[in-house]
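Notes follow the structure.
Computed from a predicted model, the values in this text were never measured in an experiment.
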Amino acid sequence: MDQATSVVLASAVAGFSSAAGAALGSVIAGRTARDQIHHTAQHEKVTRHEVVLAERFSCFKDKVNDAIGALRDIEHALIDDEPVSGRPAKKACAAVWTSYHDDVWSTGRREVILAANEVRRHLEDGLAAIEVLINNPNEAKAPDSESMRAWSSCLGRIGNAYQTTSRLMGEVIRGADL
């Protein structure tokens, strides 16, 4: 039984006329409806905020995946003795930097900003490691070479930082509040 119904019944029991009880009930029902509309609007606002966060975070993750793919493409091309250029990887890493500022930094979520910065920083390290391999392509064919170990290590750090960032992004989206 909602508040309006309770008031109408209480009014009738207390001896109010049915018109007075109905008027009082409609006032309370109006307040209840306004409260429900306000609650619904707040819920929609939070939902829209969650969608915006998810879109921004997804854009950053897409750029990171593109950069990792570009770096891996160079690695495979070097191993297969194909001609390579570091330009696509540099562009992809620059896109991560832009997305970091546009999509992550702008959310103001400190924990995600710090984690995403680690991903970005490790990508820069990975780009430097790939540049060494581009300059020494024979090292790319030797999995135990110092340059390949450095690249593999960078790739592992990128993966770990990416997983942490993704987890934090998910937590922020699920717990989005205004």
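Using a 30° and 60° split on the angle between ring planes, Trp97 and His101 fall in the perpendicular class, above 60°.
Leu71 CG to Asp66 CG: the interatomic distance, rounded to the nearest 0.5 Å, is 11.0 Å. Here Leu53 contributes atom CG and Glu50 contributes atom CD; the two are 8.0 Å apart, rounded to the nearest 0.5 Å. Going from atom CE of Met169 over to atom CZ of Arg109 covers 12.0 Å, rounded to the nearest 0.5 Å. Between the CD1 atom in Ile134 and the OG atom in Ser147 there is a gap of 11.5 Å [rounded to 0.5 Å].
Remark: the Ser153 side chain and the Arg157 side chain contain an N/O donor-acceptor pair separated by less than 3.5 Å.
Looking only at side-chain heavy atoms (C-beta outward), Thr107 and Arg56 come within less than 4.5 Å of each other. A 4.5 Å side-chain heavy-atom check between Val84 and Leu133 finds every atom pair outside the cut-off. Put simply, the side chain of Glu139 does not reach to within 4.5 Å of the side chain of Val132, judged on heavy atoms. Contact annotation: the side chain of Tyr100 never approaches that of Val119 to less than 4.5 Å [non-hydrogen atoms, C-beta and beyond]. Looking at Asn117 and Trp105, their side chains never come closer than 4.5 Å, going by heavy atoms from C-beta outward. Side-chain contact between His122 and Cys154 is absent, with no heavy-atom pair separated by less than 4.5 Å. Side-chain atoms of Phe57 and Thr165, non-hydrogen and from C-beta on, never get closer than 4.5 Å to each other.
Looking at Ser99, its side chain never comes within 3.5 Å of a backbone N or O of Ala95 through a donor-acceptor pair.
Smallest separation of non-hydrogen atoms from Gly86 and Ile74: CA-CD1, 3.9 Å.
Between Lys63 and Asp103 there is no salt bridge, since no side-chain nitrogen of the basic residue lies less than 4.0 Å from a carboxylate oxygen of the acidic one. Of the charged side-chain nitrogens involved, at least one lies within less than 4.0 Å of a carboxylate oxygen, so that Lys90 and Glu131 count as a salt-bridged pair. By the 4.0 Å N-to-carboxylate-O rule, Glu75 lies close enough to Arg72 to be salt-bridged with it. Contact check on Glu118 versus Arg121 returns a salt bridge, with a Lys/Arg side-chain nitrogen under 4.0 Å from an Asp/Glu carboxylate oxygen.
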